Peer 1: 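Questions regarding the structure given below will be posed in turn.
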Amino acid sequence: MMEPGLNHILVISAALFFIGVFGFFTRRNLVTMLMSIELVLNSVNLNFIAFNKYVWPNKMDGLFFAIFVIAIAAAEAAVAIAIIINLYRSHHSIDVENAEEMKF
Amino acid sequence: MNLPVLILLPLLTAVVILLMRNATQVKWAALAGAAAQFVLAFALLFAFRSERAAGNEAQMLFELQYNWFPAWHISFHLGVDGISVAMILLTSFVVIAGVLVSWNVEKMTKEFYFLLILLSLGAYGFFMSLDLFILFFFLEIAVIPKYLLIGIWGSGKKEYAANKLALMLMGGSALVLVGLLGTYFGSPTKTFDLMTLSQLNIPASVQHICFPLLFVGFGVFTALFPFHTWVPDGHSSAPTAGSMFLAGISMKLGGYGCLRVATYIMPDGAKEYANIIIVLSAIAILYGAFATMMQKDLKYINAYSSVSHCGFVLLGIGMLTKTAMTGAVMQMVSHGLMTALFFAVIGMIYERTHTRQVNEMGGLLKVMPFITTVLFIVGLCSLGLPGLSGFVAEMTIFMGSWQNTDAFHRIATIAACMSIVVTAVYILRAVGQTAMGPLKAGYENLTDATWNEKAAAIILIAGIVAIGIAPFWLNDLVSPATEIIMKKLAAVTAGM
Amino acid sequence: MLAALTLVSGVLAVTTRQIFRAAIFLLFSLIGIAGLYFWMQYDFIAAVQIVVYVGGITVLIIFSIFLTQQAGELLPKQKIGRQIFSALAVFCGFALTMLQLFQHSFKPTTGQPVLPIVANIGDRMLGVAEDGFALPFEVVSMLLLAALIGCIVIALRSKPATS
Amino acid sequence: MNDFLQMPLLQILPAGKGSALALLLIPLLPFAGFLLLGIFGRKHIKSASGIIATTLLLVSAALSLYTAYGYFFDYGKVNGVYQKFIAVQYTWLQFSPGLSIDLGILLDPISVMMLVVVTFISLMVHIYSLGYMKGEERFATYYAFLGLFTFSMLGLIMASNLFQMYIFWELVGVSSFLLIGYYYNKPSAVAACKKAFIVTRFADLGFLIGILILSFHAETLDFNTLIERLTIDGNHELHTAYSSMFLGASALTWGAILIFIGGAGKSAMFPLHIWLPDAMEGPTPVSALIHAATMVVAGVYLVARMFPVFSMSAGAMHLVTLVGIFSALFAAIIACTQTDIKRVLAYSTMSQIGFMMFALGVSGSNLVEGSLDYTNLGAGYTASMFHLFTHAIFKALLFLGAGSVIHFIHSNDMKDMGGLRKYLPITHIAFLVACLAISGVPPFAGFFSKEEILLAAWQHNKMVYYVALFTSGLTAFYMFRLYFNIFWNKGAIVHGEHHGEGGFVMMLPLVLLAVGAATAGFIPFGNFITADGKPLEIEFHWQFSIAPVAVGLTGIFTAMWLYKSENNKPAAIASSWGGLYKAAYHKFYIDEVYLFITKKVLFNLVGRPAAWFDKNVVNGLVNMTGNTTLTISDKIKGFQSGKVQQYAIYFLAGVIGLAVLFIYIWK
Amino acid sequence: MLNEFLILMKSELVLCCIIFLLLFIKVGTDMTNERMLPLVQVLLLVNVVASFIFNQEGTLFGGLFTTNLLMAFQKSILSIGIYLISLLFADWLKKSEHMPEFFMLMLSAVLGMFFMISSGSLLMFFLALELSTIPVAAMANFDLEKKLSSEAAMKMILSSAFSSGILLFGISLIYGATGTINFAEIPALLDGSPLQILAFVFLFTAFAFKLSIVPFHLWTADVYEGSPVAVTSFLSVISKGSIAFILLTTLYKVFAPMQEIWYNMVMLLSVITMIFGNLFALRQQNIKRFLAFSSIAQVGFILVGLSSNSSQGTASVVYFILIYIFSNLAAFGVAGAISQQTGKERIDDLKGLYQTNPFISWVLALALFSLAGIPPTAGFFGKLFLITAGASKGNYFFITVAALNLIVSLYYYLRIIRAVFMDKNDQPIEKIILLPSVKLGMLICGAGIILTGLLSWVYDYITSLTM
C-alpha cells in the first residue's frame with residue numbers, strides 16, 4: 001500500500017459523506033437519521049483537515065473550520081434531540097413516517 | 001389647465017366616499033365628484049381648444065413632467081393631445097352616467113362607488129400618460145376594480161366571469177409589459193418616455209418583436225379576436241355600471257394603447273403586422289356580428305356587438321391611413337358612449353322585468369316609453385344611423401380604409417361594411433322583440449325611468465347626438481393628432 | 001486500516017437494524033476519524049473530536065435512544081424502492097464527486113506551514129487581527145446560548161402532552 | 001384647424017334672388033316639428049300636435065313653391081340653360097383633403113321639382129291624417145315621425161354631396177321603419193318594419209361601397225365636381241376609373257351598379273322589392289307618403305342625379321333598364337292577383353317605378369362608352385322625371401282614397417268591399433280619376449308621362465317597348481279590377497252605423513290631388529327638366545299614342561267585364577291559369593327564397609356556427625388553459641409527499657442534476 | 001478602535017443587548033407577558049431607529065466583518081420586519097408561555113442574519129447561517145402541544161442539517177480548490193474549473209434550500225403549515241430576505257468570475273421555481289401553506305431580478321424585499337389574527353369575511369394585491385423593477401415566462417379575494433377583536449404597501465446605496 005496521501009483521505013471522506021447521506025435517506029428512526037448527519041459532518045471535517053494538511057498548510061483556516069463545525073454539530077444535535085424528544089412525546093414514536101401529516 | 005387635477009379629483013372623491021357615513025351621502029358625494037369630473041373634462045376641452053386656437057402647435061399640451069424613478073428613467077409625464085382629450089371626455093360622460101344609473105345599488109354602496117371612482121382614476125391617468133411606465137401603471141389600476149365590481153355586485157356566473165376577465169386582461173397587460181421592456185432595452189436610449197421614444201428610431205428588429213406583444217396585449221382589452229372571450233361573460237355578469245365602465249372605458253384603454261403606444265412608437269412593426277391586424281379585426285367584426293345574431297340575452301347581444309364594434313377600432317388602426325385612424329378614435333368615443341347607454345338601458349329594463357332574455361319580453365314601449373325610446377336610439381346608433389355617433393365613426397373608417405388601393409384592403413373593407421347589415425338584423429331583432437309586439441303578461445304595471453336614469457340617459461344621448469350631428473369638432477380635435485402618427489409612419493416608408 | 005475501520009463502521013451504523021448497535025458503530029466510526037486526525041498530526045482537533053463527539057454527542061444520542069426507544073428493538077425496515085433509489089442517487093453523487101476530485105489537480109501552496117499546535121490555535125482563536133477568529137468564536141457562543149435556550153424551552157415543557 | 005363653429009357658406013345665387021334662409025327653412029321646419037312633438041308631444045301638446053305639424057309643413061310647402069317659382073321662372077335659367085346652384089354649403093366632416101361630407105343645398109331642376117312634390121304630398125298627408133289618425137294614442141308621435149320623414153326626404157333631394165344623400169337616405173329609411181312600425185303591438189307590423197329596414201339596409205351596403213368606389217376615383221364627394229370629373233373625356237380621374245378593372249368591369253361600372261343597387265333597394269326593384277308589400281302594415285297615409293309618392297322614388301331620383309355618370313357605363317345602364325322593365329312586368333302580374341287593396345297598390349307602385357327606371361336606362365343605353373354627349377340622349381330622362389311627378393300625385397291619391405275606404409270599412413281586403421260608390425261619392429270620383437290617370441287614358445296626367453316613356457323605349461329598344469306596352473295594359477287591368485271590386489261588384493255590405501267619408505280634412509286632399517291627377521299632364525315638362533338643363537321639345541305624335549291607349553282601354557274593359565258585377569268568371573280564369581296564378585298570388589315565392597336564405601343559410605350556416613365556435617372553440621381554449629393548469633397542479637402534488645427523506649432525495653438529485661448540467665452540458 | 005467597533009457593529013450590539021436584557025429579565029424577575037411585550041416592542045422600535053442612524057462603511061476583525069450603507073439598510077429592513085412581527089402577533093405572544101425565550105431566539109436568529117449579511121468569509125457565513133437557522137427550528141416547535149408544530153420543527157431541523165452538510169461539503173471543496181475562505185480573496189482564485197463548479201453547486205443549493213428554490217423547497221410548505229404563524233412569517237419574510245441579501249453579495253462579488261454559470265443556473269431555477277410555486281399554490285386550502293407556495297413563487301421573481309447582475313438588480317431585490325416584508329407580514333398578520341381567535345386556517349373559512357371584518361379584509365386584500373403586483377400597491381413597483389432588471393439581459397423568453405406566471409399567481413390571489421369579498425357564507429368568521437398593537441402593525445403594513453411604491457424616493461435611496 002502506498003503512503004496514504006490527500007487523495008486517499010478525500011476518497012474516505014467522500015465515501016463517508018455519501019454513507020451518511022444514504023443513511024439519512026433510508027433510516028426511518030429519527031435518531032439514526034441524526035446519526036447519519038453526524039457522519040456527514042465528520043466527513044466534511046475530514047476534508048477540511050486534509051486540505052489544510054496537504055494543500056494549504058500555510059494557514060489554519062481548515063482547522064478552525066473543523067473546530068467550529070464540531071461546535072455547530074453539537075449545538076445542532078442538541079436542538080435536534082430536543083425536538084425529537086418533544087416529537088416523541090406527542091407522537092409516541094420517533095419513526096419519521098409517523099410524522100407525515102402535512103403534505104401536498 | 002393642470003392635468004393632475006383630473007387624477008387628484010377622483011382620488012379625493014374616493015377618499016370622501018370612504019369617509020361618508022351612509023349610503024345617501026355616498027351617492028351624493030360620488031355624484032358630485034362625477035359632476036366635477038364632467039365639468040373638468042369640458043374645461044379641459046375648452047382650454048385645449050383655446051390653446052390650439054391661440055396657435056399653440058405643440059404635439060402635447062399642458063405637459064407636466066416629474067422625475068419619478070430616475071433610476072429607470074421613469075418620469076411622471078402627463079400631457080394631452082386631441083385623442084386624449086376625446087377619450088377623457090368620453091370617460092367623464094360614462095362616469096357620471098354610471099354613477100347616476102347605480103343609484104339603486106343597496107349592497108355595499110360605499111365600496112361600489114369607491115371602486116367606480118377608482119376605475120375612473122385609472123382611466124384618466126391612462127389617457128394622460130406620456131410615460132409608458134405610468135401608462136402601464138394606470139392600465140393595471142383599472143383592472144382590479146372591475147374584478148371586484150363583477151364579482152361582488154354581478155349576476156349569473158359572476159365569479160367565473162370576473163376571474164376570466166381579470167386573468168385575460170392581466171394576461172394582456174403581461175404581454176404589454178414584456179413589450180414595454182423590450183422597447184425599453186431595445187431602443188437606442190433607455191427610456192419609458194413616450195415622446196422621447198417617438199423621436200427615436202427603434203431598431204426594426206426590436207419593433208418586429210415588440211409590436212405584436214404590445215398590440216396583442218392592448219388588443220386583449222379591446223376584444224381583439226380571438227382574445228375576446230372575456231367580453232361576453234364579463235359584460236353580461238357585471239352590474240349595470242360595471243358593464244358601462246367595462247365597455248365604455250375599459251375597452252377603450254386597449255384601443256388607445258394600440259394606437260398611442262404600439263402604432264405610434266413602432267411604425268415599422270405596424271407596417272409589418274398591419275395585414276394580420278386587418279384580418280383579425282375583419283374577422284372580429286363579422287364574426288362578432290354573426291355571433292350576436294344568435295344571442296338571446298340582451299347583455300350578450302351588446303357584448304358581442306361590442307366585439308364587432310371594437311373590431312372597427314382595430315381595423316381603423318390597421319389600415320394605417322389618417323382618415324381610418326381618425327375614424328378609429330371616433331369609433332372609440334362613439335362606441336364608448338353608445339355601449340354605455342346600451343348597458344344602462346339594459347340595466348333599467350332588467351331592474352323592472354327581472355329578465356334579460358329578449359323572448360321573454362315584448363311590447364315594453366307601452367309601459368316604459370322613455371326607456372324603450374332610449375333603447376331605440378341606442379340601437380339605431382349601433383347600426384350606424386346618420387345623426388348619431390356610430391355612423392360618423394364607421395363611415396370615417398370606411399372612407400379611410402378605402403384609400404388603400406389593393407384588393408386585400410378592399411375586401412377587408414367590404415367585409416367590414418357588410419357587418420352593418422348584420423348589425424341591423426340583430427339590433428332590430430333585439431329591439432323589436434323587446435319594445436314592440438304585444439305586451440307580455442305580467443309587465444302591465446312596470447314603471448318608466450326615474451329621474452336619475454333619465455339624467456344618465458340624456459347625458460349619454462347628448463354625447464351621441466353631439467357627435468352625430470356635429471362630427472366636425474371631434475374630427476378637428478382628433479385628426480391633427482392622428483396626422484402626427486401618420487407622419488411618423490410615412491417617415492418610415494420614406495426611409496425604407 | 002483506520003480508513004477501513006471508519007468506513008465499515010460507518011456503513012454498519014447506517015444499515016444495522018439494531019439502534020443501539022448503530023450508535024456503537026457510529027462511535028467507532030468517529031473514533032476512526034479521530035485516529036485519522038492523529039495520523040495527520042492534528043492532535044488538537046483529534047482531541048476535540050474525541051471529547052465532543054465521543055464524549056458528548058454520542059452520549060447524547062445514546063441517552064435519547066434510551067429515552068425514546070426500547071433498546072434491542074429492531075428498527076423498521078425501509079421500503080426497498082426507496083433504498084434502491086437512495087443507493088442510486090448516492091452512488092451517482094459519489095461517482096461525480098470522485099470524478100471531479102480526481103480530475104482536479106490540487107497545487108499545494110509553497111507558503112510556510114503553520115504548525116497546528118495548541119499555542120498557535122489559542123492565539124488565533126482569540127485574535128482580532130487578520131488571522132484571528134475571535135468573532136466566529138463569539139458567534140458560536142451566541143449560537144450555543146440560543147441552542148441552550150431552545151433546548152430548555154422545548155425539552156422541559158411543563159405540561160405533558162395530552163394524548 | 002377649422003374653427004369650432006365655422007359659418008355655413010351661404011350662397012345666394014344670383015344676387016338678390018331667392019333666399020338661402022328660406023331654403024334652409026324648408027327642411028328645418030319639419031325637423032323642428034319632429035323635435036317639438038317628439039320631446040313634448042307626449043304630455044304637453046298632444047291634442048295640438050297635428051295642427052302644429054301641419055302648419056309648419058304648410059309654411060315649408062309655401063316656401064318650396066316660392067323657390068320653385070323663383071328657380072324656374074326667374075333666376076334659374078341662364079343663357080337658356082338651367083343652372084345648378086349650391087345655395088348652402090357647410091363642411092360637416094372632412095375625411096381628407098378633397099374628400100369631405102358637405103351638407104348643402106343643391107338647386108337644379110330635378111331637386112326643385114322634387115321639393116315641390118315632397119312638400120306638397122307631405123302636406124296633403126298631414127292634412128288627411130288629421131282626420132284619419134284622430135284619436136290615436138300616439139298621435140303626436142305619429143306627427144313627429146312624419147316630420148322626421150319629411151325632413152329626411154327633403155335633405156335627400158336637396159343633397160349637394162353624394163354622402164349627404166346617403167346620410168338622408170338612411171334617415172329616410174329609419175323614419176320609414178318607424179312609420180311602418182307605428183302599430184308597434186301588431187306583430188305583423190313589427191315584422192314588416194324590420195323587413196323593410198333590413199332589406200333596404202342591405203341595398204344601402206351596395207350604395208355605400210359604390211360611394212367608396214366613385215369617391216375614391218373622383219377624389220370628391222360633391223355631386224357637381226364628381227360628375228364633372230367622371231364624365232369629361234380625358235380627365236385622369238375618369239381614365240383611372242375606366243382602367244381599373246375588377247371581374248371584367250371597370251371601377252366606374254362597378255360604382256354605378258352598386259349605387260344602383262342602393263337605389264333599387266329603396267325603390268323596391270326586383271329582387272329587393274319584398275319589403276314594399278309588407279310595408280303596407282303602416283298607417284295608410286304613411287303608405288301614400290312614403291311608399292307611393294316620395295321615398296320609393298328616391299332610387300329613381302338617385303339614378304337621375306347620377307345620370308351622367310351612369311351614362312358613361314353602358315353596362316350599368318343596361319342593368320337599370322333590365323331591372324326596371326322586369327320589375328314593372330313582374331309587379332304588374334302579381335298585382336293582378338292580390339286581394340289586399342293596399343298590396344295591389346304597392347305592387348302597382350313597384351311596377352310604375354320600374355317604368356321610371358327603364359326610362360332612365362334606355363335613354364342612356366346606346367351610348368358609346370367613353371364619351372357623353374347630351375344631345376345624343378333620348379327623352380327618357382325627362383319622361384322618367386315626368387312620370388315620377390305625375391305618379392306621385394295619382395298614387396298618393398290612390399292611397400289616400402284607399403285609406404278612406406279602409407277607414408270606412410275597417411278592412412284591407414277586397415272581399416269585404418263592393419258597391420261603396422254610394423257611401424263614398426267623393427272618394428269614388430277621386431279614385432276613378434286616379435285610376436284613369438295611371439291607366440294612361442288621355443287627358444289625365446299619366447297618359448302624358450307614360451306616353452313619353454314608351455316613346456323613349458320605342459326609340460331605343462323595341463323589345464323593352466313591347467314589354468312595357470303589355471305591362472301598361474296589365475296596369476289598366478289591375479287598377480280597374482281594384483276600382484270595380486271596391487266601388488261596384490257586390491252590393492254594399494255596410495253594417496249598421498258608419499261615419500261617412502271622414503271630415504273636410506280628409507276630403508280636401510283627395511280633391512286637390514284629383515285635380516292634380518287630372519291636369520298635371522299639361523305641364524310642359526320638357527321645358528323645365530332635362531338631362532342637360534336645356535329645354536327639350538317633346539313632339540307629340542298622336543299616331544304613336546294609339547297603341548298604348550288602345551292597350552289601356554282593353555285592360556279597362558277586361559276588368560269591367562270581369563269585375564263590374566259579382567260573377568264567377570274571375571275564379572274560373574284563376575283556376576284555368578292554375579300554376580301561374582298561384583305563383584303570382586304567392587308573389588312568385590320570393591319571400592320564401594329570402595326566408596330560406598336568411599333563416600337557413602345565414603342563421604344556421606353562419607350565425608349558429610359562429611356562436612358555436614365562439615362558445616366552444618375560442619372560449620373552450622381559454623377555459624382549457626385554465627383547467628390544464630389546474631390539472632397539472634393536481635398531477636404533481638405527489639412531489640410534495642410530506643416525507644422528509646424523500647425531500648432530501650430530491651434535494652440531492654437536484655444538486656447532482658445541476659452539477660452535471662453545468663459541468664458537462666451547459667457550459 | 002473601540003469607537004469604530006461600536007459604530008460598525010452597532011446593529012449587532014444593540015441586538016445582543018436586547019437579548020441579554022431579556023435574559024436577565026426572564027431569569028431575574030417574574031414580569032408577566034402583559035407588561036413585557038410593550039417593553040419588547042419599544043426595544044425593537046429603538047432597534048429600528050438605531051439601525052437607521054450612524055451608519056458607516058468599514059471592516060473589522062481582519063475582514064471577517066464588513067459593513068456598508070447598503071448592508072446597514074438591509075439590516076434596517078430586517079429590523080422593521082421583526083418589529084412588525086412583534087406588533088402583529090401580540091395576541092399569540094401574550095398567550096405564549098415562553099414569550100421571552102421566543103424573542104431571545106428570534107433575536108439570536110436575526111443576529112445571525114446580521115452577521116451573515118456582514119460576513120467576510122465562508123466561515124462567518126456558515127456560522128451565521130447556522131445561528132439564524134437553529135433557533136428558528138426551535139421556535140418552530142413553540143406550539144409545544146401541537147403535533148404539527150413538532151413535526152414542522154423536526155422537518156426543519158433535519159432538512160437544514162442535511163443542507164448544512166451539503167453546504168459544508170461545498171465549502172470544503174472551495175477551500176480545497178482555492179485555499180481560502182475569505183470573500184475578498186476568493187474571486188481572484190476562481191477559474192471555473194469543474195470542481196469549482198461542483199463546489200459552487202453544493203454551496204448554492206444551501207442558499208436555494210433556505211430561499212426555498214425548487215427543487216430544494218420541499219420542506220417549506222410543511223414547516224410553514226405546522227409552525228406558529230409568527231414563526232412562519234419570520235421564516236417566510238425575514239429569513240428569506242436575509243438570504244436574498246447575502247445571495248446578492250455572494251453571487252455578485254464572490255462568484256463574479258463564474259457569472260455565466262450562475263446566471264444560467266439562476267435563470268433556470270427561477271423559471272422552475274415560479275412555475276412550481278404557482279402550480280402548487282393553486283391547489284392549497286390552508287392559508288399558511290398557500291402563503292408558503294406563494295412565497296416560493298415570489299422567490300422565483302426575486303431570482304429574476306437577481307439574475308441581472310447589476311446595481312439595479314441589487315436595488316430592485318432589496319426594494320422588493322422591503323415591500324415583500326410589508327405585504328407578506330400583513331397577510332400573515334391577518335391569517336394569524338384569524339387562526340389565533342378562531343383556529344380556522346382554511347381558505348374556505350374566509351368566505352364572507354368581509355361581512356364581519358371589513359378592516360382586516362381590506363388589509364388582506366391590500367396585501368394580496370401587493371403580492372400579486374397590482375397597482376397602486378408597492379408590489380407592482382417591486383415586481384416590475386425585478387422584471388425590468390431581469391430583462392436587461394435581453395432574455396425575452398425568461399421575461400415572458402415571468403410575466404405569464406404573474407397571471408397564474410393572480411388567479412390564486414384572486415381566489416382568496418373572492419372568498420373574502422364575494423362568496424356567501426352562512427357562518428362567517430365572527431368579528432375579530434384586534435389588539436391595538438396588532439391594528440397598529442396592520443396599519444404600518446398597509447401604509448408601507450401603498451407608500452413604498454408611490455414615494456419614489458424610497459427606491460431612489462436604495463439605488464443610491466447600491467451605486
Side-chain angles (χ1 to χ4, degrees), chain C residues 57 61 64 68 86 89-90 92-111 113-114 123-163, chain E residues 1 5 9 12 15-16 19-20 23 26 60-65 97-98 100-102 104-109 111-112 115 119-121 123-124 126-128 130-139 141-142 144-147 150 153 169 173 176-177 179 182 193-199 202:
Chain C
I57 296 177
I61 285 174
S64 70
T68 58
S86 311
V90 163
C92 289
F94 182 64
L96 184 72
T97 317
M98 289 326 298
L99 202 62
Q100 297 310 323
L101 279 174
F102 282 115
Q103 276 178 1
H104 195 274
S105 53
F106 292 98
K107 297 183 200 72
T109 178
T110 49
V114 180
D123 259 5
R124 295 290 165 80
M125 182 65 92
L126 296 177
V128 291
E130 187 73 22
D131 288 333
F133 290 87
L135 186 63
F137 188 74
E138 297 299 329
V139 174
V140 166
S141 56
M142 279 309 294
L143 173 60
L144 291 173
L145 173 70
L148 203 64
I149 297 170
C151 290
I152 291 169
V153 171
I154 295 168
L156 302 181
R157 67 176 181 194
S158 46
K159 281 171 274 178
T162 46
S163 46
Chain E
M1 174 65 206
F5 173 76
M9 289 188 73
E12 289 77 7
L15 274 186
C16 283
I19 293 171
F20 283 110
L23 190 61
K26 170 73 185 172
L60 281 177
F61 296 105
L64 287 183
F65 183 92
E97 206 179 326
H98 303 287
E101 289 90 340
F102 176 85
M104 279 184 257
L105 289 181
M106 183 169 86
L107 293 176
S108 319
L111 184 66
F115 276 121
S119 63
S121 85
L123 175 62
M124 272 304 293
F126 170 71
L127 293 178
E130 292 299 320
L131 177 55
S132 68
T133 310
I134 294 173
V136 181
M139 281 155 66
N141 208 352
F142 258 51
L144 291 169
E145 276 76 40
K146 288 192 182 151
K147 281 170 89 175
S150 44
F169 197 73
L173 289 182
N182 270 359
S193 69
L195 184 70
Q196 287 176 357
I197 296 176
L198 185 73
F202 275 59

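The basis for the numbers below is simple: all heavy atoms, side chains too, and nothing from hydrogens, waters or symmetry mates. Just so it is clear, the structure is predicted and the values come from calculations on it, not from any experiment. Order of the sequence lines sets the chain letters (A, B, ...), proteins ahead of strands, with each chain counted from 1.
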Peer 1: Tell me, side chain or backbone of E/Leu127 under 4.5 Å from chain C's heavy atoms, or both, or neither?
Peer 2: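 Interface part for E/Leu127: both.
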Peer 1: Measuring heavy-atom distances to chain C, does E/Met139 have an atom under 4.5 Å in its side chain, in its backbone, in both, or in neither?
Peer 2: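 The answer is neither part of E/Met139.
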Peer 1: Any side-chain heavy-atom pair from E/Leu173 and E/Leu198 closer than 4.5 angstrom?
Peer 2: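 Yes, their side chains come closer than 4.5 Å.
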Peer 1: Would you mind checking which part of C/Leu101 comes under 4.5 Å of any heavy atom in chain E, side chain (CB onward), backbone (N, CA, C, O), both or neither?
Peer 2: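 Looking at C/Leu101, backbone and side chain both touch chain E.
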Peer 1: Using non-hydrogen atoms and a 4.5 Å limit, figure out which bit of E/Pro194 sits close to chain C: side chain, backbone, both or neither.
Peer 2: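 Interface part for E/Pro194: both.
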Peer 1: Does E/Ile19 reach the side chain of E/Ser108, with side-chain heavy atoms less than 4.5 Å apart?
Peer 2: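 Contact flag for E/Ile19/E/Ser108 side chains = yes.
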Peer 1: Should E/Met9 and C/Leu135 count as side-chain neighbours, where that means a heavy-atom distance under 4.5 Å?
Peer 2: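 Answer yes - side chains close enough.
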Peer 1: Could you look at E/Phe126 and say if it's the side chain, the backbone, both or neither that has a heavy atom under 4.5 Å from chain C?
Peer 2: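 Contact with chain C: none, neither part.
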Peer 1: E/Leu111 versus chain C, heavy atoms under 4.5 Å apart: side chain, backbone, both or neither?
Peer 2: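 Answer is side chain: those atoms of E/Leu111 sit under 4.5 Å from chain C.
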Peer 1: Check whether E/Leu195 gets within reach of chain C through its side chain, its backbone, both or neither, counting any heavy atom under 4.5 Å.
Peer 2: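 For E/Leu195, the contact with chain C is made by backbone and side chain together.
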Peer 1: Which heavy atom of E/Leu64 sits nearest a heavy atom of C/Pro136, and at what distance?
Peer 2: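 Smallest interatomic distance, heavy atoms only, reads CD1-CD, 3.6 Å.
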Peer 1: Within a reach of under 6.0 Å around CZ of C/Phe137, are more than 12 heavy atoms found that belong to other residues, nucleotides or ligands?
Peer 2: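 No, not enclosed.
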Peer 1: Could you look at E/Phe169 and say if it's the side chain, the backbone, both or neither that has a heavy atom under 4.5 Å from chain C?
Peer 2: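 Just the side chain, heavy atoms under 4.5 Å.
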Peer 1: How far apart are the closest heavy atoms of E/Leu105 and E/Ala138, and which atoms are they?
Peer 2: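 Smallest heavy-atom distance, with atoms named: CD1-CB, 3.9 Å.
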